[in-house]
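In what follows, a structure is listed as structure tokens, so that the remarks can point back to it.
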Amino acid sequence: MTTALNRGVRVRGLTRGFGDRTVLDAVDLDIAPGEFVALLGASGSGKSTLLRALGGLDTDAIGDFEVPAQRAVVYQEHRLLPWMRVWKNVVLGLKGQGLRERATAALDEVGLASHADAWPLTLSGGESQRVALARALVRTPQLLLLDEPFGALDALTRLKAQALVADLWAERRPAVLLVTHDVEEALLLADRALLLAGGRIAQELTVDLARPRSLDHPDFIALRRTLLQGLGVDVELKEKP
């Protein structure tokens, strides 16, 4: 893997196997600087494996790929350390002066500056996930990797978290790769939606819709149908009241 400043993602031939099973089979992927890409696929199709490879977390993945030097990952589980105050969780692993100020600024972006001195166990699930997002933002990533970050949230909190990510992306414009099982989430947030199947990118859809997006827009409904069909979902059954 090579890293470069102010560049997007370029992957050629990314391959990863586990035992005798090839999960990623010579995957090619490009993400432009500032582009928001959603990655969907069936469970076990290799979505998180691909994300981990881009994050430098899987050294056994092979291939030719370049990623921005500054990267951050947000997982479905917030992974906050309960014995550390919220602000210290935000800057965990960072060194230098002014860490408290940097943490507070990042928490302010996600609406939690007033919780800087709270203990993680006093936070709701949505608040904990916002802290995890602040922990990514404080690193000023050029590539933000989101691994089903809203999967454990209730429906209302999930919608609020999606809107927050959309606003933060519009403000900061990092390249984003969002791994998700939620078709509507992908279409609400992404510039492109990719379907991973058989170890390859099997389908690519450009989401050329103005933001903010409406679930009942005819073009949104058409894209949703296409994605569901690509995932092997019985669309007629899915759309019955």
Side-chain angles (χ1 to χ4, degrees), residues 1 3-9 31 33-38 48 51-58 67-154 156-180 185 189-190:
M1 174 182 290
T3 58
L5 291 172
N6 299 319
R7 296 186 64 176
V9 172
I31 304 176
E35 185 182 21
F36 200 127
V37 174
S48 293
L51 180 142
R52 285 176 55 81
L54 295 185
L57 304 173
D58 186 349
V67 296
Q70 293 171 248
R71 292 161 286 167
V73 185
V74 180
Y75 300 96
Q76 181 173 338
E77 298 179 357
H78 52 74
R79 303 188 179 189
L80 303 182
L81 301 181
W83 58 88
M84 297 180 68
R85 301 281 185 180
V86 162
W87 79 265
K88 289 188 177 181
N89 269 280
V90 170
V91 292
L92 183 65
L94 298 182
K95 297 179 180 180
Q97 300 297 315
L99 291 182
R100 170 73 188 234
E101 291 74 17
R102 291 173 63 186
T104 302
L107 286 167
D108 187 52
E109 285 195 79
V110 300
L112 286 177
S114 62
H115 291 64
D117 288 311
W119 297 107
L121 291 178
T122 68
L123 304 177
S124 68
E127 288 170 338
S128 297
Q129 204 60 355
R130 280 191 279 161
V131 173
L133 186 57
R135 184 170 53 195
L137 295 176
V138 79
R139 288 156 172 79
T140 59
Q142 296 164 330
L143 174 61
L144 180 59
L145 301 166
L146 304 174
D147 194 0
E148 298 190 63
F150 318 125
L153 303 180
D154 64 80
L156 180 58
T157 305
R158 185 185 187 107
L159 289 173
K160 292 179 179 178
Q162 290 169 350
L164 175 62
V165 166
D167 289 343
L168 291 171
W169 170 76
E171 177 69 24
R172 287 179 169 242
R173 301 298 294 215
V176 177
L177 180 66
L178 167 67
V179 167
T180 181
E185 179 172 277
L189 295 173

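Heavy atoms only: backbone and side chains are in, while hydrogens, waters and symmetry mates are out.
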Should [X] and [Y] count as side-chain neighbours, where that means a heavy-atom distance under 4.5 Å?
X	Y	result
V67	Q142	no
V110	L168	yes
W169	P174	yes
L164	K160	no
N89	R79	no
Q70	T140	yes
V9	L177	no

Rounded to the nearest 0.5 Å, what separation is found between the [atom1] atom of [X] and the [atom2] atom of [Y]?
X	Y	atom1	atom2	value
L51	L146	CG	CG	8.0 Å
S128	E77	OG	CD	11.5 Å
W87	E101	CH2	CD	8.5 Å
E171	E109	CD	CD	7.0 Å

Who passes salt bridge (Lys or Arg N to Asp or Glu O under 4.0 Å) against R173, sequence neighbours left out?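 Checked R173 against salt bridge (Lys or Arg N to Asp or Glu O under 4.0 Å); zero matches.
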For [X] and [Y], work out which heavy atoms get closest and say how close.
X	Y	value
S48	D147	OG-OD1, 2.9 Å
P33	G8	CG-N, 3.5 Å
L99	L94	CD1-O, 3.6 Å
A161	L153	CB-CD1, 3.9 Å
E148	T180	CG-CA, 4.1 Å
A136	P141	O-CD, 3.3 Å

Do the side chain of [X] and the main chain of [Y] share a donor and acceptor less than 3.5 angstrom apart?
X	Y	result
R52	D58	no
T122	W119	yes
R135	L92	no

With side chain to side chain contact (heavy atoms under 4.5 Å, CB included) as the criterion, how do Q129 and T157 come out once you've worked through the C-alpha distance, each side chain's angles and the decisive distance to 0.1 Å? CA-CA 10 Å; Q129 204 60 355; T157 305; over 6 Å; no
Trace of the side chain to side chain contact (heavy atoms under 4.5 Å, CB included) decision for V131 with H78: CA-CA 8 Å; V131 173; H78 52 74; over 6 Å; no
Dump the intermediate steps for side chain to side chain contact (heavy atoms under 4.5 Å, CB included) on L112 and E127, then the final yes or no. CA-CA 8 Å; L112 286 177; E127 288 170 338; 4.0 Å; yes
Is any NZ, NE, NH1 or NH2 atom of the basic residue among D117 and R100 found under 4.0 Å from an Asp or Glu carboxylate oxygen of the other?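 Looking at D117 and R100, the cut-off is met.
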